[in-house]
Amino acid sequence: MRPDTSPAARALITMEAIQDEPGITAERLAERLGVSARAVRRYVGILRDAEVPVESTRGPAGGYRLGRGTRLPPLVFSSAEALGLVMAVLDGHHAAADPTDPVGVAVAKLLRAMPQHVADQADVVRRTTAAAPDRGAARPDPATTVALVRARTETRCVTVHYRSENGREFATDVEPWAVVVRHGRWYLLCRSLRSGSVRTYRVDRVHRVDLLDSTFRVPDDLDPVASLEEHLGAGWEHATEVVIDLPLERLDHVPRTLGRLEPDGPGRTRLVGTTSNLPGYASDLAQLQVPFTVVAGPELRAAVAALADRLAAAVAGPPPSTT
């Protein structure tokens, strides 16, 4: 705590420390704040004068904690806790019951501040519910996310340093139009300054963001979610083109990451896209469970053939004995 910190600010810092560590002793609080125990008692008095319910107990297990009142006392979150809460709400992928996770700490603060009858049921759910993790979800680095969102807010172009799914690293200058959360994954929707085309990048694969001096204007008619869906399968190194033997109106189960769907005559649909992960793309095609033909993209054709050989080899030879 700086010497020029005002008494009100010192009281709020004291309250944050009590929120972070309920039951903290005056000695531990003084050590954490770098002040005397007498000063701690003075800051606690300021909080009580402001009707913040600070409770204290004596004895070996004694200490300070925030009590429960009829109104919510002020809550003080660190930057990591505040950002973690926002990201958790957006992507639904978090560790609300982990006392070492910033989201878990922030949720615990909220529940401790609420009246007992309000918080009890929510706290039981938080501590006892077993969540099945979304294995496809991937939370990006918060600092990277903030850098991209700030650049979007300030309409500043950026250099994105990226590592693709197959491990290729590159840097590209883009206009960051929007950050979109889709099925537990965070995407940057942007326009390439070099090619002028719209691109989508996984934010968890961005390992550095450099702010540029140039600015941009977001298109007036931009629908970030719709545009993301349209461009998820564009801009990667391997071109793909597949004809699916099913009409477009019946293809509601094709991942938009595979590319753009368009009618291709009676009873057929053409899928046009790009990929950086040929084996994964081939596996996604195999899950369509309808006939399809790779009509363009020699690399994809080879990947599909390799997958077919591997599956055929898995059932080659006589069936296993049942006795």
Hphob cluster co-occupancy, I18 + V52, side-chain heavy atoms under 4.5 angstrom: yes
Which atom pairs, one a donor and one an acceptor, fall under 3.5 Å between side chains of residues 211-218 and the rest of the protein, sequence neighbours left out?
from, atom 1, to, atom 2, distance (Å)
R217, NH2, D220, OD1, 3.2
R217, NH2, D220, OD2, 3.1

Any donor-acceptor pair under 3.5 Å from R191 side chain to V174 backbone: no
Taking every non-hydrogen atom, the tightest pair across P224 and V180: CB-CG2, 3.9 Å
Salt-bridge present (R65, E55; N to O < 4.0 Å): no
Donor-acceptor contact below 3.5 Å, side chain T275 vs main chain N277: yes
Pairs where residues 269-290 contributes a residue and the test salt bridge (Lys or Arg N to Asp or Glu O under 4.0 Å) is met, not counting sequence neighbours: E241-R270, D264-R270
Aromatic ring pairing Y162/F170, orientation class (parallel under 30°, perpendicular over 60°, tilted between): tilted
4.5 Å side-chain heavy-atom contact, L258 and Y281: yes
Heavy-atom side-chain contact between P140 and W186 under 4.5 Å: yes
V40 with I24, same ILVMFWY side-chain cluster at under 4.5 Å: yes
Test side-chain contact (heavy atoms from CB on, under 4.5 Å) applied to T240 and V272, step by step: CA-CA 6 Å; T240 63; V272 181; over 6 Å; no
Separation of L12 CG from Y43 OH (nearest 0.5 Å): 12.0 Å
Same apolar cluster: V203 and V198, side chain cutoff 4.5 Å: no
Heavy-atom check, side chain of T25 versus side chain of Y64, under 4.5 Å: no
Distance in Å, T274 OG1 paired with H231 NE2, rounded so as to fall on 0.5 Å steps: 11.0 Å
Note, I46 side chain near P7 side chain (heavy atom, < 4.5 Å): yes
Test item: S283 and L307 side chains (from C-beta on) under 4.5 Å apart, heavy atoms: yes
Between CZ on residue R199 and OH on residue Y187, distance to nearest 0.5 Å: 16.0 Å
For E31, all residues meeting side-chain hydrogen bond (donor to acceptor under 3.5 Å, both in side chains), sequence neighbours excluded: none
Option passing side chain to side chain contact (heavy atoms under 4.5 Å, CB included) with L189 (candidates V225, T200, V179): T200
Inter-residue atom distance L248.CG - L261.CG, 0.5 Å rounding: 6.0 Å
Working for side-chain contact (heavy atoms from CB on, under 4.5 Å), residues D210 and H161: CA-CA 8 Å; D210 296 330; H161 299 261; 2.8 Å; yes
Value rounded to 0.5 Å, distance of OG in S164 from CZ in R202: 11.0 Å
From CG (L222) to OG (S227), nearest 0.5 Å: 5.5 Å
V304-V295 co-clustered via ILVMFWY side chain contacts under 4.5 Å: no
Under the side-chain hydrogen bond (donor to acceptor under 3.5 Å, both in side chains) test, residues paired with H207 that sit two or more places apart: none
Close side-chain approach of D204 to R185, heavy-atom, < 4.5 Å: no
Side chain to side chain, F292 and L285, heavy atoms closer than 4.5 Å: yes
Contacts of E262 that satisfy salt bridge (charged side-chain N to carboxylate O under 4.0 Å, His left out) - sequence neighbours left out: R260
Full working for side-chain contact (heavy atoms from CB on, under 4.5 Å) between L251 and I244: CA-CA 9 Å; L251 275 177; I244 304 171; 4.0 Å; yes
Salt bridge (Lys or Arg N to Asp or Glu O under 4.0 Å) assessment of E175 paired with R152: CA-CA 8 Å; E175 298 175 351; R152 161 62 180 85; over 6 Å; no
Donor-acceptor pair, side chain of R48 and main chain of V54, under 3.5 angstrom: yes
Linked, directly or transitively: V158 and L193 (ILVMFWY side chains, under 4.5 Å): no
Pairs involving residues 15-25, ordered by first then second residue, that meet salt bridge (Lys or Arg N to Asp or Glu O under 4.0 Å) (sequence neighbours left out): D20-R32, D20-K109, E21-R28
Exceeds 12 heavy-atom contacts within 6.0 angstrom, atom CD of E249: yes
Test item: T269 side-chain N/O and L246 main-chain N/O as donor-acceptor pair under 3.5 Å: yes
Crowding at CZ, R168 (>12 non-hydrogen neighbours, <6.0 Å): yes
Side chain T153, main chain V149, donor-acceptor under 3.5 Å: yes
Test item: T145 side-chain N/O and D141 main-chain N/O as donor-acceptor pair under 3.5 Å: yes
Stepwise side-chain contact (heavy atoms from CB on, under 4.5 Å) check, L188 with V206: CA-CA 9 Å; L188 171 66; V206 176; 5.6 Å; no
